[in-house]
Amino acid sequence: MRRFRRALWAWAVAGLGTATGCTPPYISQESKAILREDTVPRPLPASRRTSDFTPPPASLTAGKSPFANTTPPVEASDAPLPINLATAFRLSNARPLDVQIAGKQVAAAAAVYDRARVLWLPNISLGMDYFSHTGPQQVFAGEIVKSNRNTLMAGFGPNVVFAFSDAIYAPLAARQELRARHSAQQTAVNDSTFAVAEAYFGVQQARGELAGALTAELRAEELVRKTTELAKGLAAPAEEHRARTELGRRKQAVSTARERWRTSSAELARLLRLDPTAVVEPAEPPFLPITVIDASVTIDDLIPVALNARPELTGHQAFVQATLARLKQEKIRPLVPSLAVRSVSTNPSGSLGYGAFGGGRSGSLNNFDNRFDIDVQLLWEFQALGFGNRARVNERRAEYEIATLDLFRTQDRIAAEVATAFAQGRAAAQRLNDAEPAIKEAVELVKKSVDGLGQTRRIGDSLTLVVRPQETVAAIQAFAQANTDFFAAVADYNRSQFRLYRALGHPAQCLAGAVPQVSAEAPAPLPELKPPAQSIPLPSVSIPNSPVLIDATVTPASATAPVLPPLPAPNPGLPLPVQEWTSVPPSVENRVPTVTEEPPPSTPPRPPVVMLEQGYSEIEAESLRKSRARSGRATMALVAAATLG
């Protein structure tokens, strides 16, 4: 165990040196041996890192629809609500109730912190006190005497009772809890923004499926008409029933797709607190893929970015520091005194201490004069002969260990979320590249099948159809399935991009500039959300010491995006700033998001390492070692590489 503690101390020093850009001058051989025993995984060299990401088809990002009429109309009985994605993101920063609740929780934590900072200030009591006594009473010598007296006092008195341990550590713990609430507020904003993105792309998917269902319905109606007009002998009578059956199925598909559009619109309206009866009509075409994260980055590049920028980690770090402050508070409680200052001019004590005092016999009040009485005490308290103090220390230590383990669990969860979103984005991109040519082939197949229906050719002495009705039915079914697969791939790709963006922990306010800006008439209740008249370039979001640069600027496909100076890196010790971003109006050309990559630094990048305060217990050290071994790619891998190098 002693050997393990020494190794843990070496790990902490190595991580601190790596985070500050320097390497510790000495690492013991014992620590190196333990690192070798644990076989901490090393990251791949930069030359061997590859990305298997295939970008979406250029025709889609350029705004070219795979088939005609991909934007279905709203029914006359529905109330349309035009909106674009940038406006939806702006509304997601303020309107959702979860964000407002998180803001009120920050205000409550700030009030608790303010109260803890003034714990040592006295309370002031102001008022009057009247006392009357009639009958026997015992004097100091023990004799019983009868008296009839009364007193009156008017004034004020200072009173305060506090432990020095509470005055020192309570503000520290309250400040860390305030930091945790700030992080929770940013987390609520990020979660609400991602929920809005998911609902928005659900609306887009329903619109695309409805567009394909309407196209398939038109083709099915044409199939029924041509099948009915076929001469007897060219097709069996059952073919007309087959065609009408397929038309009925296509009509059902249209009703189902329109229902999904309405239900997904209701969910988006719920998140944004808009009119739930309106049908949201996005300004962007439903087939448009949105790329937010650079396609050239790898999972090894993204995990350190997430561990540095996620507000959940900042909140958990603050909570660990708060539990540590409470642990220290209980440790020194029996060693430092408590201060009690009480005004004792009247009974009970702790009320009035200075003022005008007078009295007399038999109800008379006279002889008024100033009076001042104060009692100051320094008291050392040992709860339950000290056993109570020891129990409270053990309780606080357990809370600290739980918070530390919860921090490790959050780190593992964040790394898993990044890996999951990364894999989903790669798979969705591949599906989209496969679905785009498939939907084009299906469109061509339906067109040729319907157009060829009724054409005949002579084989011997008999006429036969070039395209039989059942083949046309199969073509319409293939188109319907290809349409569903295509728009599902587009929606899944867009969701995965914003899921990965959220997993990286970037502030949600930047998303309004990371999406294609398509004009949409603002709804009547929200006239203040109309975009400005001039295009505003949005800055790029960069993380220092990381090869990833996510450019939030949207430019046309034929232009080069200007790269502005990067924003300062988010500091885990401070709450993330809340900045207002305005949406950018569209240009005539189709806009697609572009992502630039930061030039490689001259020295190998060192991702930040999440460090805790020293003084780990055995269970913390053991959990730290196992957690770092599991997620070595994210943090301890580079620490091990630096120490063993």
Side-chain angles (χ1 to χ4, degrees), residues 59-60 64-78 80 203-263 279 281 285-287 435-490:
S59 60
L60 297 181
K64 186 177 180 181
S65 174
F67 60 92
N69 300 325
T70 55
T71 304
V74 179
E75 284 193 339
S77 59
D78 294 330
V203 173
Q204 291 285 63
Q205 181 178 356
R207 292 177 68 212
E209 292 177 353
L210 177 59
L214 290 174
T215 301
E217 182 186 17
L218 292 177
R219 292 299 185 180
E221 290 176 351
E222 190 174 358
L223 169 63
V224 171
R225 181 179 58 81
K226 289 191 174 184
T227 303
T228 305
E229 294 175 354
L230 288 178
K232 294 183 179 180
L234 291 178
E239 295 299 335
E240 182 177 354
H241 298 293
R242 189 195 309 273
R244 294 188 182 278
T245 301
E246 184 62 25
L247 176 59
R249 294 184 60 191
R250 295 306 110 204
K251 289 182 178 294
Q252 294 179 49
V254 170
S255 300
T256 302
R258 198 170 292 278
E259 175 196 355
R260 290 176 182 171
W261 188 3
R262 293 191 179 103
T263 55
V279 176
E281 189 175 12
F287 61 83
E436 190 259 350
I439 186 65
K440 290 182 178 179
E441 294 291 341
V443 170
E444 191 67 19
L445 173 63
V446 170
K447 181 178 182 301
K448 291 183 177 180
S449 298
V450 175
D451 293 343
L453 187 62
Q455 298 178 4
T456 60
R457 60 182 175 181
R458 182 175 296 276
I459 300 179
D461 296 333
S462 61
L463 291 176
T464 60
L465 292 173
V466 176
V467 179
R468 294 176 297 177
Q470 60 265 37
E471 294 175 346
T472 307
V473 169
I476 294 176
Q477 293 175 349
F479 168 76
Q481 185 61 48
N483 179 80
T484 301
D485 296 341
F486 171 75
F487 284 103
V490 173

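No hydrogens, no waters, no symmetry mates; every other heavy atom, side chains included, goes into these values. Quick caveat, the model's predicted, so the values are computed rather than measured.
Going from atom NZ of Lys226 over to atom CD of Glu221 covers 13.5 Å, rounded to the nearest 0.5 Å. Glu240 contributes atom CD, which lies 10.5 Å from atom OG1 of Thr245 (distance to the nearest 0.5 angstrom). Note that CZ of Arg207 is 9.0 Å distant from CG of Leu210, once rounded to the nearest 0.5 Å. Remark: Thr70 OG1 to Phe486 CZ distance equals 8.5 Å, nearest 0.5 Å.
Pairs of residues two or more places apart, or lying in two chains, that qualify as salt bridge (Lys or Arg N to Asp or Glu O under 4.0 Å) and include a residue from residues 467-478 are Arg468-Glu471.
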Just distance, no hydrogens or angles: give the donor-acceptor pairs under 3.5 Å from side chains in residues 442-454, sequence neighbours left out.
{"from": "Lys447", "atom 1": "NZ", "to": "Asp451", "atom 2": "OD2", "distance (Å)": "3.3"}
{"from": "Ser449", "atom 1": "OG", "to": "Leu445", "atom 2": "O", "distance (Å)": "2.7"}

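Residues meeting the side chain to side chain donor-acceptor pair (under 3.5 Å) test with Thr484, sequence neighbours left out: none. Residues forming a side chain to side chain donor-acceptor pair (under 3.5 Å) with Arg225 (at least two apart in sequence, or on another chain): none. Judged as a salt bridge (Lys or Arg N to Asp or Glu O under 4.0 Å), and not counting sequence neighbours, the contacts of Glu209 are Arg260. Judged as a side chain to side chain donor-acceptor pair (under 3.5 Å), and not counting sequence neighbours, the contacts of Glu75 are Arg258, Arg262.
For the pair Ser59/Glu436, a side-chain contact is recorded, criterion being any heavy-atom separation below 4.5 Å from C-beta on. By the 4.5 Å heavy-atom criterion applied to side chains, Gln205 and Val490 are not counted as neighbours. The shortest side-chain heavy-atom distance between Leu214 and Glu217 falls under the 4.5 Å cut-off.
Taking every heavy atom of both residues into account, Ala213 and Asn483 meet most closely at N-ND2, 4.4 Å. Between Gly212 and Phe479 the shortest heavy-atom distance is O-CE2, 3.4 Å. Across all their heavy atoms, Leu223 and Ala243 have their closest contact at CG-CB, 3.9 Å. For Thr228 against Val224, the heavy-atom pair with the smallest separation is OG1-O, 2.7 Å. Here the shortest heavy-atom pairing between Pro66 and Ile439 reads CB-CG2, 3.8 Å. Heavy atoms only, all atoms of each residue included: Gln204 and Pro286 are closest at O-CB, 3.4 Å.
Using a 4.0 Å cut-off between charged side-chain N and carboxylate O, Glu222 and Arg219 make a salt bridge. For Arg250 and Glu246, the salt-bridge test passes: some basic side-chain N is under 4.0 Å from an acidic carboxylate O.
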